[in-house]
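Have a look at the structure below, then the notes.
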Amino acid sequence: MATVKLVNVNKVYDGGVHAVHDFNIDIADREFIVFVGPSGCGKSTTLRMIAGLEEISYGELLIDGELKNNAAPKDRDIAMVFQSYALYPQMTVYNNMAYALKLRKVPKDEIDKRVREAAKILKLTPYLDRKPRALSGGQRQRVALGRSIVRRPKVFLMDEPLSNLDAKLRVAMRSEIVRIHEEVGATTIYVTHDQIEAMTMASRIVVMKDGFIQQIGEPNEVYRNPANIFVAGFIGTPAMNFLHGVVEKGYFIIDGTGEKIKLSKEQTALLKNYEGKRLVYGIRPENLVYQDDEKFASFSDCAFAIKVSMVELLGDIVNVHGYTGKTEIIVKTGNKYQIKDKQDVKVAIDYNFARFFNETTTKAITPEYCEYEEIEVTQSLDEDNVVIIEQKKGVFARTVGAIKDKIAASKKKKGQGNEQTESDVAEKTNDGKKS
């Protein structure tokens, strides 16, 4: 198969919209990489630049070490599976899968061999003579995958291929795609906004927001050690809880309630530069211990009260929604406890799973990044009202940006000059008519 490398790849549309900023990644042969993030974060744009469907504004794309920025899509040796199946309705499953090979004038025997091999992998052999209208949604998606597999490309690109399927079928198809990836051994880049798909399918995840890479890592690493508040809140269902407050003398004091959470020796050492300063205390819902749990006593120094607003029953699991002060809290616990709306309860933090974040930079506080830092921030316009931190551009990006600004200014000035000239001509013409 192939390796894929993106070096400082940027996408700037006409009008100055900067959709992707300095995208850098090395994708190894046979890896299954997932780009994940909210709508508009630049993940599909990046995929389309790899495919050749979008021009790379600046930066480098290398496939197997060869520069492919200006290569036509057909010359990149990739196959793409879209959100829509895009099957030919008048053709059988066999002919849909064989069509691209016929256009390449591949011998008939080779076409038949490849189609039947792909059909066996995809469990489509009984359906080869059917037309798409006689197939289920999952079967159609497998045909779309089969059309890519028969070409034996270097890289598979998948743009939200499961979003048209119902929830149950999506679960089944997730495992199918992983199985197919392992059998075919292809380098695969997969785009989704569904973090569950990312967690269950990827060998590595690329989390994106506002065109910037937020974090790259294995699913469990991203889940356990998120790089910032956005990643911590985006990856995980339900999202991580965030308590704002101040560190004072070995305790974290929660805003709005004044309740104290005891810090361990390791945490106190990590946060030594935050004494008397504000930060964000992050804890996942499953790491909050309900008051009736036998483990509660072990973490009673880290307990605080919440007022229950809603109880969400999910079979053997219950998500308890509540508030401490004005901060929303979600507790994930077993359904054996009788918890009711409007009830006042206590929960304790299993501090072994606590994570801390700088309140203004939103970065995770780690042994490598533990100096107190405070910066001026602006607020985003997205639904979650997440703080955006504008990252500094590289020298090359700034230089190109400056050149573009000069060109735009020159065009504007030239346009104004032309308008003046046209106006003068019109006036002279009118004067001539009058005389």
Side-chain angles (χ1 to χ4, degrees), residues 1 27 30-39 43-44 47-48 50-51 78-89 91-94 96-97 100 114-128 130-153 155-207 218-220 222-223 234-237 314-315:
M1 290 299 163
I27 301 173
R30 299 174 181 266
E31 262 201 292
F32 195 118
I33 294 287
V34 176
F35 296 169
V36 65
S39 297
K43 55 189 185 295
S44 290
L47 195 77
R48 290 171 65 83
I50 296 170
I78 58 168
M80 193 161 181
V81 180
F82 294 94
Q83 182 176 341
S84 58
Y85 315 127
L87 302 177
Y88 298 107
M91 292 184 184
T92 62
V93 168
Y94 184 99
N96 261 286
M97 293 169 67
R114 290 196 195 181
V115 169
R116 295 191 182 281
E117 280 180 358
K120 185 178 179 181
I121 291 170
L122 296 163
K123 300 179 181 177
L124 287 172
T125 303
Y127 312 109
L128 287 175
R130 292 191 189 182
K131 291 186 177 178
R133 63 174 176 270
L135 302 176
S136 68
Q139 289 165 343
R140 291 179 196 178
Q141 192 58 269
R142 291 208 296 272
V143 176
L145 284 168
R147 195 168 51 187
S148 298
I149 289 171
V150 296
R151 287 179 49 202
R152 297 179 182 172
V155 184
F156 284 97
L157 307 179
M158 300 188 187
D159 192 3
E160 304 204 37
L162 307 184
S163 58
N164 287 336
L165 306 179
D166 62 65
K168 187 175 181 181
L169 192 51
R170 274 209 306 271
V171 172
M173 280 303 297
R174 283 204 300 261
S175 57
E176 280 289 293
I177 289 175
V178 171
R179 180 185 63 80
I180 292 162
H181 167 73
E182 288 173 353
E183 284 197 33
V184 176
T187 303
T188 303
I189 305 172
Y190 186 104
V191 161
T192 182
H193 64 273
D194 186 339
Q195 51 96 8
I196 295 176
E197 281 184 23
M199 291 292 290
T200 54
M201 298 173 74
S203 54
R204 280 194 299 160
I205 294 174
V206 180
V207 184
E218 294 179 2
N220 197 47
V222 173
Y223 185 79
F234 188 81
I235 299 295
T237 305
L314 303 171

Quick note, salt bridge (charged side-chain N to carboxylate O under 4.0 Å, His left out) partners involving residues 114-125, not counting sequence neighbours, are E110-R114, D112-R116, E117-R152
On a heavy-atom basis, the closest approach of R151 and A100 is CD-CB, 4.0 Å
For S44, the side chain to side chain donor-acceptor pair (under 3.5 Å) test, sequence neighbours excluded, returns D159
Do the side chains of V36 and V206 get nearer than 4.5 Å, heavy atoms only? no
With a 4.5 Å heavy-atom cut-off, do I189 and I27 have their side chains touching?
yes
| Does any non-hydrogen side-chain atom of E218 lie less than 4.5 Å from one of S203? | no
Rounded to the nearest 0.5 angstrom, the CD-CE distance for E197 and M173 is 10.5 Å
The reported gap from CD1 in I205 to CD1 in I235 (rounded to nearest 0.5 angstrom) is 5.0 Å
Taken in chain and number order and not counting sequence neighbours, the residues that satisfy side chain to side chain donor-acceptor pair (under 3.5 Å) with S136 are Q139
Please examine the side chains of P161 and F82, heavy atoms only from C-beta on, and report whether any two atoms are closer than 4.5 Å.
-> no
Exercise. Taking the side chain as C-beta and beyond, is there a heavy-atom pair between T187 and F156 under 4.5 Å?
Worked result: no
Taken to the nearest 0.5 Å, the spacing of L47 CG from F35 CZ works out to 6.5 Å
Sorted by chain and number, sequence neighbours left out, side-chain contact (heavy atoms from CB on, under 4.5 Å) with S39 holds for none
By salt bridge (charged side-chain N to carboxylate O under 4.0 Å, His left out), R48 pairs with (sequence neighbours left out) E54
By side-chain contact (heavy atoms from CB on, under 4.5 Å), E182 pairs with (sequence neighbours left out) V178
Between the CD atom in E176 and the CD1 atom in I121, the distance rounded to the nearest 0.5 Å is 11.5 Å
The complete set of salt bridge (charged side-chain N to carboxylate O under 4.0 Å, His left out) pairs with one or both residues in residues 133-150, sequence neighbours excluded, reads none
Within the structure provided, determine whether I177 and L145 are in side-chain contact (heavy-atom separation under 4.5 Å). yes
CD1 (I180) and CG (L122) are apart, to the nearest 0.5 Å, by 4.5 Å
Tested for side-chain contact (heavy atoms from CB on, under 4.5 Å) against M158, the lone hit among V34, T192, V191, T188 is T188
When every non-hydrogen atom of V115 is compared with those of V150, the smallest separation belongs to CA-CG1, 3.9 Å
Sorted by chain and number, sequence neighbours left out, side chain to side chain donor-acceptor pair (under 3.5 Å) with Q195 holds for T237
By salt bridge (charged side-chain N to carboxylate O under 4.0 Å, His left out), R130 pairs with (sequence neighbours left out) none
Between A79 and S148, the two heavy atoms sitting closest are CB-CB, 3.6 Å
message = Can you see whether E160 engages Y190 through a side-chain donor-acceptor pair at a distance of less than 3.5 angstrom?
response = no
For A172, the side-chain contact (heavy atoms from CB on, under 4.5 Å) test, sequence neighbours excluded, returns none
Check your understanding: Short question: side chain of K43, backbone of G37 - any donor-acceptor pair under 3.5 Å?
Key -> yes
Looking at N96 and L87, would you say the former's side chain and the latter's main chain have a donor-acceptor pair under 3.5 Å? no
In short, A119 meets L128 closest at the heavy-atom pair CB-CD2, 3.9 Å
By salt bridge (charged side-chain N to carboxylate O under 4.0 Å, His left out), R174 pairs with (sequence neighbours left out) none
Across all chains, not counting sequence neighbours, the side chain to side chain donor-acceptor pair (under 3.5 Å) partners of E31 are R204
Using the six-membered ring wherever Trp is involved, compare the ring planes of F32 and H181 and label them parallel, tilted or perpendicular (cut-offs 30° and 60°).
perpendicular
